[in-house]
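Have a look at the structure below before the remarks.
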Protein chains: 4
Amino acid sequence: MTPTSQAVSGKVAKLNRVERNAWTKRKIFDAATKIVGKHGYAEASVARITEQAGVAQGTFYNHFENRQELLDQLLPKIGIDMVRFIRERTGTAQAARQEIERFGAFFDFIREVPEFLRILNEAEFFAPTGYQKHLDNIVTAYVRILQRARDAGAIEDFSDQEFEAVVYMLMGARGYLSQRYSYSGGAVTAVPDHVISAYQKLMTRGLFTTSDKGNRHDR
Amino acid sequence: MTPTSQAVSGKVAKLNRVERNAWTKRKIFDAATKIVGKHGYAEASVARITEQAGVAQGTFYNHFENRQELLDQLLPKIGIDMVRFIRERTGTAQAARQEIERFGAFFDFIREVPEFLRILNEAEFFAPTGYQKHLDNIVTAYVRILQRARDAGAIEDFSDQEFEAVVYMLMGARGYLSQRYSYSGGAVTAVPDHVISAYQKLMTRGLFTTSDKGNRHDR
Amino acid sequence: MTPTSQAVSGKVAKLNRVERNAWTKRKIFDAATKIVGKHGYAEASVARITEQAGVAQGTFYNHFENRQELLDQLLPKIGIDMVRFIRERTGTAQAARQEIERFGAFFDFIREVPEFLRILNEAEFFAPTGYQKHLDNIVTAYVRILQRARDAGAIEDFSDQEFEAVVYMLMGARGYLSQRYSYSGGAVTAVPDHVISAYQKLMTRGLFTTSDKGNRHDR
Amino acid sequence: MTPTSQAVSGKVAKLNRVERNAWTKRKIFDAATKIVGKHGYAEASVARITEQAGVAQGTFYNHFENRQELLDQLLPKIGIDMVRFIRERTGTAQAARQEIERFGAFFDFIREVPEFLRILNEAEFFAPTGYQKHLDNIVTAYVRILQRARDAGAIEDFSDQEFEAVVYMLMGARGYLSQRYSYSGGAVTAVPDHVISAYQKLMTRGLFTTSDKGNRHDR
DNA sequence: AATGAATGAGACTTCATTCAT
DNA sequence: GATGAATGAAGTCTCATTCAT
């Protein structure tokens, strides 16, 4: 389902009780990810999820308190995968360059896990609790990144409070851009170059010091 | 309901047929705006809307083909009010300053029409047709503003395609910021100063030339 | 609509009150015939009929007590046209031959007035009063025909009561045959020859004396 | 409900899951038969059927895809009962005599299963799929009977194609006769003798060879 | 006589959740 | 723990008819 969670690929011969239990729960979870990712939360009825998972409807309630509980776990789970994915693809270059790398990695992740975009975008309304949890995760991590860049002198003149607002703007920008530019004819596509360059100009100039002198006009 | 459309404040003694018709449609429309704004699209059943409007359920279908048609009209309608509202509050200062004025006016509008935020945010899923229409309206208008600023020399180095991406980023930034900072304890509040300053720094430096020299450090 | 009722083909310049009244009623009637014939009684809502007729819904109730009243007039009206149509196509040959002519003329009428079949078949449930009226018309006329044939010696051995039963059988046979053999690919088609020959054998031998001697083996 | 399916006469103490399931489905089916038979398809709303069956509306959809699916099963199911019923009452006499037996048995069946007539007659419009299935069943079986009679020399001069038309005529005759003569004052009654004699004369003389010599005038 | 907006009952269907087996 | 039938509330939409203009 996600790059880091290799799909369970078949019934293993012998499982103890705990393993069987976890395995069933996992089947349901993966089924939900698949369905929400492809058809949206609204289509993710318990009937449909359990059918996809190959278990009975009643089984669902042995593993989750209710439908909402599962739905609220979806985004934070994948969100963590995303953070790890992006971190792994961010080098040790200048702060401004790193930000562009993160931006690109975000779109790479969308193509890697096509379910993510839909789960992210709809979560706000269909899984508000999970959405909030995800946002908190991202904001916390991102603000820390900005703080470090400020400590390193790559950012000046922004307070911690302003950093939070900046992170929301970055997330908003990515969210809207991904919706506009990640799809084409039903398929998930790479983001166009002019979008990357626009982001680069706006955010690099806006956020980072140009004491990485000269770079500004090189681009 | 909206700043420019003063609420019909009571049954006028005599209305001809056309007026009565329009008045009923308006009652339904306003009821829907109120309900979606307060409780979201999902709660905006025809039963609830017509009850709020004080008409029978069947009456709804004399004025709208179906529930979705009404829902899809909500956002574009208010969106136009918003554009007008912002335009009226934008002066003739430098382009960068105007952008900050627009940003502030956007948040003023949210407080003026508290329904807007929810209608905007949920429209993407519950009224996709209307959402798209609204986006098109905004992008068209906004790109034109940016082009004029470029013509005036206030923006350099951005192509038309990049402008479109920029507008999506601006909209995304506002959308996420408004969700984070416009509410407090259930009530709609003014956006904090540090959010405005963060936006100002990021966008002014990122988008506009500082050939309005020196200004950069004045702020 | 029917062969004998030439469609009113346009607004005549000046009509007095009575004529205008009749003209409106006629428009509604024709619209109903068209709709029921093409889409069935179930689809013939007052809204649809009046729309087709080009009048307002309320106008309907100036001319008909209610929807059912109109519906019940449809079949008897066309039924009379049918009787006349068949009579005109029945010669003065032997009684048995005349019956075959009537049978053929029935199918000719269906092709002439394609609305008839549907109106006839559905009337039993959607316009029972009209259906009964139509049946009575047909039975009365048909029994009289049979009686005359009996008087002429072409039929023996059937009582008046039996004649009524025979007429129901003839009508039933035609009804079922028309449903089975009058349509082909959506269009109304001529009835196949083997159907006519089957009818001819069954009814001629069954009903009429073969004192028209030898004929039986001629065919 | 039907002669061959004795009604389940009360909740049996212990039923396993499969049996309980079948029992519920059966309750719904029987309720529908009763309602359609007494009040017609149009009155057979899911609400009414489930109320009659003593189950919740939602339960209906655990057993039938939708309302139409059940409706379309009604006639073929009873139709099969009818065929069996008639076959059991048909002896080994001459072909012509057997046909009269079948005719009489048809009317006996109507009295045995009073729901049948209404279900049959309305099915054409309210359950066309089921109606077609029923017709096919009947035509197939009936044509075979006629073919065998022809093989035995009891019928001459009819082709297979003509047989099909004949069967439609027989069915039409029965259908119309049953509607006319099976009811009296709301109750289902035996068919009058003169109807039987009329059928006997028409069909015996029309269809069968009188090489069962002399018989013709014996009756 | 014509209009057409308003009415409101009632239809089918979906779905999260429960619970006996 | 797994099952899946049962539940019943709630949703959208249709339509014959009325009535003020």
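No hydrogens, no waters, no symmetry mates; every other heavy atom, side chains included, goes into these values.
- Each of A:D72, A:N66, A:L71 was scored for a side chain to side chain contact (heavy atoms under 4.5 Å, CB included) with A:E69, with one residue passing: A:N66.
- Which of E:dT18, E:dA1, F:dT17 sits closest to the side chain of C:V46 comes down to F:dT17.
- Contact between the side-chain N/O atoms of D:S45 and the OP1/OP2 oxygens of E:dG10 is not found at any separation under 4.0 Å.
- Rounding to whole angstrom units, CG of residue C:N62 and P of F:dA20 are separated by 15 Å.
- Side-chain proximity of B:H63 to the nucleotides F:dT12, E:dA6, F:dA16 is greatest for E:dA6.
- Residue D:N66 is the one, among A:E65 and D:N66, whose nearest nucleotide of DNA chain E lies closer to the 5' end (criterion: closest heavy atom).
- Geometric assessment of D:K34 against the ring of D:F29 yields a negative cation-pi assignment under the 6.0 Å and 45° thresholds.
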Derivation of the salt bridge (charged side-chain N to carboxylate O under 4.0 Å, His left out) call for A:E43 and A:R48: CA-CA 8 Å; A:E43 302 294 313; A:R48 193 163 182 179; 3.4 Å; yes
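- Residues A:G58 and B:T59 both approach DNA chain E. Their nearest nucleotides, taken by heavy-atom distance, put B:T59 toward the 5′ side.
- E:dT17 atom P lies 11 Å from atom CD1 of A:I49, rounded to whole Å.
- For B:R67, counting side-chain heavy atoms from C-beta on, the closest listed nucleotide (F:dC13, E:dA5, F:dG4) is F:dC13.
- Secondary structure note: stems in DNA chain E built from 3 or more consecutive Watson-Crick or G-U wobble pairs under 3.5 Å occupy E:2-21 with F:2-21.
- Computed from coordinates, the A:Q57 CD to F:dG1 P distance equals 19 Å when rounded to whole Å.
- When the nearest nucleotides of DNA chain F are assigned to C:A47 and A:G54 by heavy-atom distance, the more 5′-ward of the two goes with A:G54.
- Between D:R48 atom CZ and E:dT13 atom C1' there is a gap of 20 Å when expressed in whole angstrom units.
- Both cation-pi conditions hold for C:K27 and C:W23: the charged atom is under 6.0 angstrom from the six-membered ring centre and inside a 45 degree cone around its axis.
- Heavy atoms of other residues, nucleotides or ligands lying less than 6.0 angstrom from CD of C:Q68 number more than 12.
- The aromatic rings of B:F126 and A:F125 sit perpendicular to each other, their planes meeting at more than 60°, with 30° as the lower class boundary.
- Here E:dA5 presents its P atom at 14 Å from NZ of B:K27, a figure rounded to the nearest Å.
- Distances shown here put a side-chain N or O of D:N21 below 4.0 Å from the OP1 or OP2 atom of F:dA5.
- Spacing between atom CZ of D:R20 and atom P of E:dC19 amounts to 15 Å, rounded to whole angstrom units.
- Two residues, D:A56 and C:A44, neighbour DNA chain F, and the one matched to the more 5' nucleotide by heavy-atom proximity is D:A56.
- Listed candidates were E:dA2, F:dT3, E:dA16. Nearest to the side chain of C:T24 is E:dA2.
- At whole-Å resolution of the value, CZ in B:F60 and P in F:dG11 are 14 Å apart.
- For the pair C:K25 and C:F60, the cation-pi criterion (under 6.0 Å, within 45° of the ring axis) is not fulfilled.
- One interatomic measurement links the two molecules: CD of D:Q68 to P of E:dT13, which rounds to 9 Å at whole-angstrom precision.
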